[in-house]
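Have a look at the structure below before the remarks.
Order of appearance sets the numbers: ligands from 1, and atoms from 1 within every ligand.
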Amino acid sequence: MNPEYQRLFDLAQRQRDRPPCGRYAPSPSGPLHLGNARTAMLAWLQARLNGGRFIMRMEDLDRARVRPGSARQIVDDLRWIGLDWDEGPDVGGGTGPYEQSARDGIYAMALSRLCNSRRLFACYCSRKDIRQAASAPHGRDGPIYPGTCRERGSDDDTQRGRSAALRYRVSAGQIRVEDVVAGPIVQDLSRDVGDFVVRRADGVFAYQLAVVVDDALMGVTDVVRGVDLCESTPRQVALFRALNLPTPRYWHVSLMVDEEGKRMSKRDGSASVMEFRARGGKPAKLVGQFAASLGLCPPDTAVSVQELLRTHDLSSFTHALRAAD
Ligand code: GLU
């Protein structure tokens, strides 16, 4: 195994007392919509109010979903809002590379560690197989894996020639995460999720594995992200523990809603930062809108992210996030 990756893992495992560090990890699958820009601003504010480093990481593992030019546009939009970062795809840094597509060797090393601890098994089930399994109840995030391949011995060659996904064998028992904003997140993975995929049958590493390895190896202490990722967090905590890596604190923040109170998402073509800019919108107006949505400033205020830094501290900021939850 690559000695450099070995060194990175060993370093991360030893660093329990790490200086504060936040990150924003967009998927370059289209224009940055306003809700995502708001989450990025909150992640940045949290890190800076905490006196920490801030990292930008492109989550471009799923090549089929990547849109050409999107990563560059996202970086440009975030800079236009006024955010800056100490490490990232456009500025480099000591814990890169900062595109997940360039980190396959690092994820492979994490997989081999899990494999050594007999936590992984090959799974030949298609989505359809899983849906059709008579006993597959529905979990928090789709059907619960019915365990079809879990007990298949390695000498079972009935599936020879088919490519296999790798699943992580979950343990029974509750995982409890104390989220700074959302409060306790409690799941029993064996009941609520089932054994989950860490590498897909087409060889692509799963988000759940990549995000854990990256957050740990980049020294991230605080993960600020949308509340829609709450459900993924216990899976990630299980992987941090299995890899003996330090678990960050989580801040799951409410998502921005449109005028009708509906959650904004890329799919329904919600307004993007690019469109806002094209209509002649100014950064201070957008930042003011984001800040006002959390009561960090009165409605219709123009404000820069630097002014928000000057006028708040970590405790008033945390309070505002909790009140908006
Ligand atoms: N890349 C994910 C997204 O854009 C975010 C992952 C995370 O923050 O953990 O939804």
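- Residue Thr233 comes nearest to Arg225 through the heavy atom pair OG1-NH2, 2.9 Å, listed as atom of the first residue, atom of the second, then distance.
- Remark: among candidates His252, Arg23, Arg57, the nearest residue to atom 8 (O) of ligand 1 is Arg23, based on non-hydrogen atoms.
- With Glu59, Gln208, Gln100 as candidates, the residue nearest to atom 2 (C) of ligand 1 on a non-hydrogen basis is Glu59.
- When each atom of ligand 1 is checked for a heavy atom of Ser27 under 4.0 Å away, the hits are 1 (N), 2 (C), 3 (C), 4 (O).
- Note: Trp80 and Phe276 have perpendicular aromatic rings, judged against thresholds of 30 and 60 degrees for the angle between ring planes.
- Applying the 4.0 Å criterion to heavy atoms of Tyr207 picks out, from ligand 1, the atoms 6 (C), 7 (C), 9 (O).
- Side-chain atoms of Arg48 come within 3.5 Å of backbone atoms of Gly52 as a donor-acceptor pair (strictly under, hydrogens ignored).
- Considering backbone and side-chain atoms alike, Leu229 places every N or O at 3.5 Å or more from each N or O of ligand 1.
- Under the 4.0 angstrom criterion for non-hydrogen atoms, Gln236 is not in contact with ligand 1.
- Within the 4.0 Å heavy-atom criterion, neither part of Tyr24 lies near ligand 1.
- Of all non-hydrogen atoms in Ala292 and Pro299, the two that sit nearest each other are CB-CA, 3.9 Å.
- Shown in contact with Val211 at under 4.0 Å from a heavy atom are these atoms of ligand 1, numbered in order with element: 9 (O).
- Nearest heavy atom pair, residue Leu114 against residue Ala242, reads CD2-CB, 3.8 Å.
- Atom CZ in Arg38 sits 13.0 Å away from atom CG in Leu32 (nearest 0.5 Å).
- Each of the following atoms of ligand 1 lies closer than 4.0 Å to a heavy atom of Arg225: 7 (C), 8 (O), 9 (O).
- Of the residues Arg72, Arg79, Arg57, the one that meets the salt bridge (Lys or Arg N to Asp or Glu O under 4.0 Å) test with Asp90 is Arg79.
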